[in-house]
Amino acid sequence: MTLTKDLKKKEQPKQKQGMLSNVMEQFEVAANMVGLNPNIKKILAVTNNELIIHFPVRMDNGDVEIFKGYRVQHNNALGPYKGGLRYHPTIDIDSVKALAMWMTWKTSLAGLPYGGAKGGIQIDPSKYSNTELERITRRFAYALGENIGPEHDIPAPDVNTNAQTMAWIADTYMSTKAPSERSKNQHVVTGKPVGSGGLEGRDRATGFGVFLTIKYWAENKNIPLKDKKFIVQGFGNVGYWAAHFLEKEGAKMVAVQDAFGAIQNTEGLSVEDLFKYTLNNNGSILDFPGSSSVKKEDFFTLDCDICIPAALGSQITKNNAHKIKASLIAEGANGPTTVEAEKILLEKGVTIIPDILCNSGGVIGSYFEWLQNRNGEIWELEEVLAKIDKKIKDAFKRVLAKSEDKKIDFRSAAYFIAIERIEKAYIQRGIFP
Amino acid sequence: MNSALESSICNSCTFITDCSLTENKNFIWSCSEYQKVSNSNIDYDINTEKGILGYQTAKEIL
């Protein structure tokens, strides 16, 4: 039984369940598939720590507001907790728990010495000034205190947080230490500005990883990427960089979709020219010279060899899956393929590189930033990309081997490996006392 | 606003009304095109001066 088949069998009205139920259901299916030790399953089914903090911050007008912050640490069997901090009005404890759990599988599959965590503040940052956001961030970091730490729990940017946010957190955290201890705590967060311990190439790490998984899939199939046609949904950090590296290999981007609309040219669209065009077109790809527009409902049905959904979830559904012409889907986004769609695609013989493998370049980049700081080194771009390449290649080969060995699809194989690795750690270490 | 949209990052995205990517904005928790309605400079990416695409805000990089 593969993950998809089993999830399909247990299909329920997911939108009413929420994110946590979905992730828990996915874990239940994967755990059964792996034959996970029942005692370890009990451990992994719950989060280790859930922290909810209410903290006061003085606003620019002198008033004090109370904010709610979260940090959920799901599991640290493989190493320090790792996961982003997001600022958004919709976050709640359940969504943070779900995202933390998902990070555990992702770091495990990537072969990193990390566990999984997530956190954030329930806030709409657009309603606050930059100085207020700095105070909110610093006060939250202070309130988290020793619940984060370079060898304990390492936050990173996520929705509405960025390198600046991480710089504030690092500075606040380091400021709480004795002067002689400060500099060795710089790796309390990753995703920092390059000038403050950040990693060269961190911006392209996720998209580069997407490209690499496609490259290793093609190599395994003896398929040259030159002249292969690809379409990409999302022209942000992930989609743009994936397209950039594919184009360098000779592949042709024939269609793109972003929040503004979709365009195509069957002869190919220049990735770099389109990128420059968006900078002078309010970020939009629309009306790019030499392109024609595409109806959004037709985007995934366009003729191509490789399809890269790199924007958001639930884009490939039972309504468009049977019309997809690509032989490979590389999930740059999180959860772009629904369970029903995946079943249709697998029956058609389409290969899906699952999100937890395909977009893991970002967290791998984070790991190298952490390692760089920890070792007191500064790495050059080529060195960083080579290190990411090696990690992605290893992860891809492990998924491929497991897929062939167990005769299961890539997603099932990825979850298999991720959970199995954690199980192995628990079995070796035992349960205290 | 319905509860499903309240649980979606779409509800603070600048593209909420005319996004080309999705009509179903329920429970979207991650999107590379996400751009908050901005009046602050938290979207200024000091890593890349203008941000990778200049106009864009914080991207999901994990």
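Keep in mind that this is a model prediction, so the values were computed, not measured.
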Review point. Of A/Q233, A/Q257, A/K295, which meets side-chain hydrogen bond (donor to acceptor under 3.5 Å, both in side chains) against B/S20?
Key: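 Only match with B/S20 under side-chain hydrogen bond (donor to acceptor under 3.5 Å, both in side chains): A/Q257.
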Point to revise | Straight-line distance of A/L99 CG to B/S30 OG, nearest 0.5 Å | key: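 So the CG of A/L99 and the OG of B/S30 are separated by 8.5 Å.
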Check your understanding: Between CD1 of B/I9 and CG of A/D158, what distance do you get to the nearest 0.5 Å?
Key ->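 The CD1 atom of B/I9 sits 9.0 Å away from the CG atom of A/D158.
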Practice item. For B/E33 and A/A259, indicate whether the former's side chain and the latter's backbone hold a donor-acceptor pair under 3.5 Å. Key: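 Present.
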Residue pair [X] / [Y], side-chain heavy-atom distance below 4.5 Å:
{"X": "B/T22", "Y": "A/Q315", "value": "yes"}
{"X": "A/T90", "Y": "B/S8", "value": "no"}
{"X": "B/W29", "Y": "A/N334", "value": "yes"}
{"X": "A/H88", "Y": "B/Y34", "value": "yes"}

Review point. Considering only heavy atoms, which portion of A/A310 lies under 4.5 Å from any heavy atom of chain B: side chain, backbone, both, or neither?
Key: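 Only the backbone of A/A310 comes within 4.5 Å of chain B.
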Point to revise | Other residues, nucleotides, ligands: >12 heavy atoms within 6.0 Å of A/D287 CG | key: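 No, CG of A/D287 has 12 or fewer neighbouring heavy atoms, counting only those of other groups under 6.0 Å.
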Point to revise | Most chain B-contacting option - heavy-atom pairs closer than 4.5 Å, from A/G239, A/S196, A/G261, A/G313 | key: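 That would be A/G261.
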Practice item. Only counting residues at least two apart or in another chain, list the ones meeting ring-ring contact (aromatic ring centres under 6.0 Å, His included) with A/F299. Key: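 A/F299 satisfies ring-ring contact (aromatic ring centres under 6.0 Å, His included) with no other residue.
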